[in-house]
Amino acid sequence: MQLSRHGLAVLLGALVTTLLASLITLVPASPGQALAASSGASTRHHHRTHRHATTSFKIATFNILGSQHTVRRGGWGPGFVRAKVTGRAIKRRRIDVIGLQEVQLDQLRVLRRHMHGYRFWPGTRLGYPGIPLQIGWRTWKFRRVQSGWVRTPFDHQHRPTPWVKLRNLRTGRMVYVVDVHNSPGPRQQRSRFAATGKQVRLVRHLRSHHRPVFVVGDMNEKRGFFCRMVRKTDLWAANGGGIRHGRCHAPAHPRIDWILGSGPIRFSRYRHDKGFGVRFSSDHDLVRARVTMRVLRRPHHHRH
């Protein structure tokens with residue numbers, strides 16, 4: 001059968017159109033076209049997905065044995081000498097946040113001089129009564145955002161119990177740290193009850209801001225302090241224990257120096273350190289642990 005010129009032209013045009021269409025499907029879309037085609041699904045995926053990362057730091061507490069306790073001859077060196085060794089011991093262990101107790105003015109001066117890269121609160125800002133309790137942190141990792149104190153009884157007097165709000169410079173995560181030293185001796189239980197009551201109220205207030213709270217220090221009490229604190233707050237100890245079936249279970253072999261925390265955190269590597277510099281510096285152990293915190297990271301969006 002013979003085709004007319006018009007029919008031949010129509011047939012030839014259809015063949016060319018079909019061939020061009022098949023060639024276009026074989027050529028990949030340009031980067032802009034591909035991004036536009038997938039942008040809707042990708043955007044929906046990003047809105048649904050958040051990645052949880054973690055960050056960690058080392059926290060510690062240490063009663064450095066105030067220089068007023070070693071002015072006489074005995075087994076301990078002068079306070080300013082021991083403070084120098086203490087500073088080196090803390091730096092050697094790369095402690096990020098630490099609560100110190102029994103600090104005297106001569107020891108604070110030495111700590112500031114030899115602990116480069118650390119800052120302290122309250123320092124001398126609260127006068128002589130505020131010097132014995134100091135919170136230190138590494139400045140390359142944390143920055144002070146806010147600080148304060150509450151007045152608590154101690155050894156037949158009253159003095160400030162300091163707290164500080166720190167911001168992690170890498171993640172922006174905020175944490176509160178409270179440094180505690182309660183009255184010593186079996187005859188001062190009433191003083192410890194009163195001090196712990198104020199510390200419980202402070203922890204509750206700080207936790208109302210939905211930030212992790214850490215309480216460190218020399219509580220001069222073992223099971224009693226732990227149970228009063230964990231019953232009335234959401235704190236738990238770095239060395240375990242807790243409330244089970246309405247009953248308080250203290251950690252095995254509790255000591256008077258404590259590290260407690262609350263919030264989306266995990267404790268690990270808890271230990272009572274008697275190593276380099278510690279045994280020479282104080283009659284207390286340097287108690288330390290690692291804290292791991294969960295950090296919510298938002299996914300990065302591609303820029304057009």
Side-chain angles (χ1 to χ4, degrees), residues 45-62 90-91 93-100 115-123 125 133-150 161-180 199-217 229-230 232-242 257-271 273 286-301:
H45 176 73
H46 282 322
H47 280 300
R48 290 195 306 266
T49 303
H50 291 84
R51 294 183 178 181
H52 289 281
T54 59
T55 184
S56 65
F57 62 92
K58 296 179 182 178
I59 192 168
T61 182
F62 190 35
I90 294 170
K91 291 187 66 176
R93 288 160 176 77
R94 299 178 181 178
I95 303 297
D96 299 305
V97 179
I98 187 166
L100 301 174
M115 290 181 65
H116 303 291
Y118 285 81
R119 291 288 184 273
F120 293 95
W121 165 259
R125 296 173 183 84
L133 293 174
Q134 299 289 331
I135 304 172
W137 62 91
R138 298 173 86 183
T139 55
W140 72 268
K141 197 160 190 174
F142 290 98
R143 177 173 296 169
R144 179 167 65 101
V145 176
Q146 189 180 5
S147 53
W149 56 276
V150 294
T161 292
W163 60 267
V164 65
K165 182 180 181 181
L166 300 174
R167 179 170 65 88
N168 186 298
L169 296 180
R170 185 175 67 87
T171 66
R173 191 68 186 266
M174 307 282 189
V175 300
Y176 291 98
V177 182
V178 182
D179 189 23
V180 170
Q199 291 149 11
V200 165
R201 290 193 290 272
L202 173 62
V203 170
R204 286 178 170 177
H205 171 70
L206 298 179
R207 279 292 287 152
S208 68
H209 299 287
H210 308 291
R211 310 286 187 186
V213 175
F214 298 92
V215 176
V216 302
M229 186 61 73
V230 300
K232 298 179 180 180
T233 70
D234 61 347
L235 293 171
W236 67 89
N239 51 331
D257 300 293
W258 290 90
I259 298 177
L260 303 99
S262 61
I265 65 168
R266 185 177 72 252
F267 285 116
S268 61
R269 302 182 187 179
Y270 173 86
R271 63 177 300 186
D273 191 336
L286 191 157
V287 183
R288 55 192 176 103
R290 178 176 290 276
V291 176
T292 302
M293 295 194 306
R294 189 174 63 179
V295 179
L296 186 64
R297 287 184 176 176
R298 294 180 180 178
H300 297 287
H301 294 276

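- When each of Val213, Leu206, Val203, Leu202 is tested with Thr233 by the rule side-chain contact (heavy atoms from CB on, under 4.5 Å), just one qualifies, namely Val203.
- In this structure, Met293 and Pro212 approach most closely via the heavy-atom pair SD-CG, 4.0 Å.
- A donor-acceptor pair is defined here as one N or O able to donate and one able to accept, closer than 3.5 Å; such a pair exists between the side chain of Thr139 and the backbone of Gly117.
- The minimum heavy-atom distance linking Ala289 with Tyr270 is given by the pair CB-CA, 4.0 Å.
- Thr55 OG1 to Lys141 NZ: the interatomic distance, rounded to the nearest 0.5 Å, is 5.5 Å.
- Looking only at distances, no side-chain donor or acceptor of Trp137 sits under 3.5 Å from a matching main-chain atom of Arg119.
- Looking at Pro264 and Arg173, their side chains come closer than 4.5 Å, going by heavy atoms from C-beta outward.
- Taking CE of Met174 as the start and NE2 of His209 as the end, the distance is 12.0 Å to the nearest 0.5 Å.
- Residues meeting the ring pair (Phe, Tyr, Trp, His ring centres under 6.0 Å) test with Phe57, sequence neighbours left out: Phe142, Phe214.
- Pairing each heavy atom of Thr171 with each of Asn168, the nearest pair is N-OD1, 3.1 Å.
- Contact check for Val97 versus Val216: no side-chain heavy atoms found under the 4.5 Å cut-off.
- Note that CD1 of Ile59 and CZ of Arg290 are 12.5 Å apart. Values are rounded to the nearest 0.5 Å.
- Proximity of a side-chain donor or acceptor of Ser262 to a complementary backbone N or O of Leu235 within less than 3.5 Å is not detected.
- Heavy atoms from other residues, nucleotides or ligands lying under 6.0 Å from NZ of Lys232 number 12 at most.
- Residues Asn239 and Phe267 are not in side-chain contact: their nearest non-hydrogen atoms beyond the backbone lie 4.5 Å or more apart.
- Within the model, atoms CG of Leu133 and CH2 of Trp149 stand 12.5 Å from one another, a figure rounded to the nearest 0.5 Å.
- Counting non-hydrogen atoms of other residues, nucleotides and ligands closer than 6.0 Å to CZ of Arg125 gives a total above 12.
- The distance from the OG1 atom of Thr161 to the CD atom of Gln199 is 5.5 Å, given to the nearest 0.5 Å.
- The minimum heavy-atom distance linking Trp121 with Ser147 is given by the pair CE2-CB, 3.5 Å.
- Taking CZ of Arg266 as the start and OG1 of Thr292 as the end, the distance is 4.5 Å to the nearest 0.5 Å.
- Scored by the salt bridge (charged side-chain N to carboxylate O under 4.0 Å, His left out) test, Asp257 finds no partners at all (sequence neighbours excluded).
- When all heavy atoms of Ile95 and Tyr118 are compared, the closest pair comes out as O-OH, 2.6 Å.
- A pairwise comparison of heavy atoms in Arg170 and Thr54 identifies NH2-O, 4.0 Å as the closest pair.
- Sorted by first and then second residue, the salt bridge (charged side-chain N to carboxylate O under 4.0 Å, His left out) pairs involving residues 203-213 (not counting sequence neighbours) are Arg207-Asp234.
- For the salt bridge (charged side-chain N to carboxylate O under 4.0 Å, His left out) with Asp96, the lone residue among Lys58, Arg138, Arg288 that qualifies is Arg138.
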